[in-house]
Amino acid sequence: MSKSRHYFHLHLVSDSTGETLMTVARAATAQYENIQEIEHVYPLVRSHKQLDRVVSEIEAAPGIVLYTLVDEDISQRLERICRELGVPFVNILDPVFDVFQSYLNVTQTHRVGGQHELDAEYFRRMEALNYTMMHDDGQLWDGLKAADIVLVGISRTSKTPTCIYLANRGIKAANVPLIPNIPVPHQLLELKETLIVGLVASAERIQQIRRNRVLSLASETYNDTYVDRKEIAQEINMTRRLCAENSWPIIDVTRRSVEETAAEILTLYRDHKSQAAANG
């Protein structure tokens with residue numbers, strides 16, 4: 001009889017792409033049977049404003065915090081907040097730096113992203129990450145035409161983490177929230193060559209996530225319809241109608257991890273590019 005799997009939240013905070021953190025975290029997690037991490041990846045955290053978003057996510061879903069931040073002010077602030085929240089945190093490069101500095105007797109340069117070769121692939125991923133962070137959650141409508149992929153969906157359908165995952169693979173991914181009674185931006189409807197994918201989930205799943213979100217933030221300002229199952233079902237139907245009207249593919253993320261969703265999106269993207277090339 002198989003043992004039940006236990007899940008925990010794992011926050012990976014980086015001032016670069018976050019790949020170093022993901023590699024270390026997955027190698028460590030693989031050593032524990034029946035344990036599965038829920039990854040929250042935050043790349044390019046280089047300002048206190050960017051750290052604010054990270055902190056709100058850690059507060060909403062407490063767990064282990066691993067980070068690589070060379071800016072001492074930002075790093076110390078993250079550590080202080082983690083202590084206040086009572087969550088464990090580790091700068092995974094600190095022990096390595098200590099050994100190098102002790103042996104080599106040289107000063108660390110504090111160079112952001114210094115572990116990466118500055119090749120074309122690296123610059124492509126960094127450009128994609130910058131684009132994705134700037135076009136998250138419906139920001140900068142006019143920049144949508146530069147996207148490789150645009151994800152659309154209602155609140156809590158994993159649009160942002162999926163976009164970040166795609167960006168780490170060099171894909172410029174933007175996402176547009178679908179909100180009841182608010183028109184879809186014309187910039188989205190005017191896209192001709194960009195792959196647009198709708199994300200949906202079951203009403204029960206979205207209701208559960210939204211309730212947890214509201215409770216974790218202790219918010220008293222949210223609208224009751226935000227967690228009402230009937231209202232959520234109508235939002236899902238709205239997404240399906242919009243996608244059907246525009247011939248956009250839909251992915252149900254109810255039982256999918258971000259990695260599984262991204263893998264299907266990448267398959268759609270390859271098919272989309274092949275069809276575009278065939279049409280000349």
Side-chain angles (χ1 to χ4, degrees), residues 1-14 17-43 45 51 53-69 75 78-96 151 153-169 199-219 226-227 229 232 236 251-266:
M1 186 173 179
S2 61
K3 297 180 180 179
S4 60
R5 185 171 291 272
H6 299 281
Y7 294 86
F8 72 100
H9 292 281
L10 181 59
H11 299 272
L12 308 177
V13 189
S14 173
T17 63
E19 288 187 52
T20 300
L21 283 170
M22 286 189 285
T23 300
V24 172
R26 290 169 186 175
T29 306
Q31 302 302 312
Y32 298 91
E33 189 177 1
N34 298 316
I35 295 294
Q36 179 65 56
E37 76 278 15
I38 301 174
E39 280 188 358
H40 305 261
V41 184
Y42 315 96
V45 178
L51 185 62
R53 172 177 167 266
V54 175
V55 170
S56 68
E57 293 292 332
I58 296 173
E59 289 175 338
I64 296 174
V65 178
L66 302 183
Y67 68 94
T68 53
L69 299 170
S75 177
L78 177 61
E79 292 178 1
R80 184 177 67 255
I81 291 170
C82 287
R83 290 191 191 95
E84 292 171 354
L85 295 174
V87 297
F89 59 92
V90 179
N91 183 338
I92 65 167
L93 293 180
D94 267 355
V96 180
L151 304 184
I154 63 175
S155 171
R156 303 295 114 184
T157 49
S158 300
K159 298 185 297 298
T160 294
T162 304
C163 281
I164 292 175
Y165 187 95
L166 292 169
N168 265 304
R169 279 141 189 82
L199 301 185
V200 297
S202 69
E204 293 79 9
R205 177 59 176 160
I206 293 176
Q207 182 185 47
Q208 179 187 32
I209 296 172
R210 289 185 179 182
R211 279 178 173 171
N212 291 341
R213 177 70 172 172
V214 170
L215 289 172
S216 65
L217 296 178
S219 175
Y226 183 69
V227 295
R229 188 190 177 284
I232 294 171
I236 296 169
I251 298 176
D252 189 325
V253 302
T254 304
R255 294 180 177 84
R256 294 178 187 267
S257 66
V258 168
E259 292 83 357
E260 290 170 331
T261 301
E264 182 161 348
I265 291 171
L266 288 173

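- Ala25 and Leu10 get closest at one heavy-atom pair: CB-CD2, 3.5 Å.
- Nearest heavy-atom pair, Ile232 versus Ile154, reported as atom, atom and distance to 0.1 Å: O-CD1, 4.4 Å.
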Could you give the side-chain donor-acceptor pairs of residues 78-89 under 3.5 Å, partners two or more places apart or in another chain?
| residue | atom | partner | partner atom | Å |
| --- | --- | --- | --- | --- |
| Glu79 | OE2 | Tyr67 | OH | 2.2 |

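- In this view, Ser202 satisfies the side chain to side chain donor-acceptor pair (under 3.5 Å) rule with no residue, not counting sequence neighbours.
- In terms of heavy atoms, Thr29 sits closest to Glu37 at CG2-OE1, 3.0 Å.
- Considering only residues two or more places apart in sequence or on other chains, Arg205 meets the salt bridge (charged side-chain N to carboxylate O under 4.0 Å, His left out) condition with none of them.
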With a 3.5 Å cut-off and sequence neighbours excluded, list the donor-acceptor pairs that the side chains of residues 258-266 form with protein atoms.
| residue | atom | partner | partner atom | Å |
| --- | --- | --- | --- | --- |
| Glu259 | OE1 | Ser257 | OG | 3.4 |
| Glu260 | OE1 | Ser257 | N | 2.8 |
| Thr261 | OG1 | Ser257 | O | 3.1 |
| Glu264 | OE1 | Arg256 | NH1 | 2.8 |
| Glu264 | OE1 | Arg256 | NH2 | 2.8 |

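- His40 pairs by the ring pair (Phe, Tyr, Trp, His ring centres under 6.0 Å) definition with His9, His11, not counting sequence neighbours.
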Residues 161-168, side-chain donor-acceptor partners within the protein, below 3.5 Å, at least two apart:
| residue | atom | partner | partner atom | Å |
| --- | --- | --- | --- | --- |
| Thr162 | OG1 | Ser158 | O | 2.6 |
| Tyr165 | OH | Arg169 | NH2 | 3.2 |
| Asn168 | ND2 | Ile164 | O | 3.4 |

Applying side-chain contact (heavy atoms from CB on, under 4.5 Å), run through Arg53 and Thr160 and close with a yes or a no. CA-CA 12 Å; Arg53 172 177 167 266; Thr160 294; 3.4 Å; yes

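- In this structure, the separation between CD on Gln208 and CZ on Arg229 is 13.0 Å, given to the nearest 0.5 Å.
- Side chain of Arg210 to backbone of Ser155: a donor-acceptor contact under 3.5 angstrom is found.
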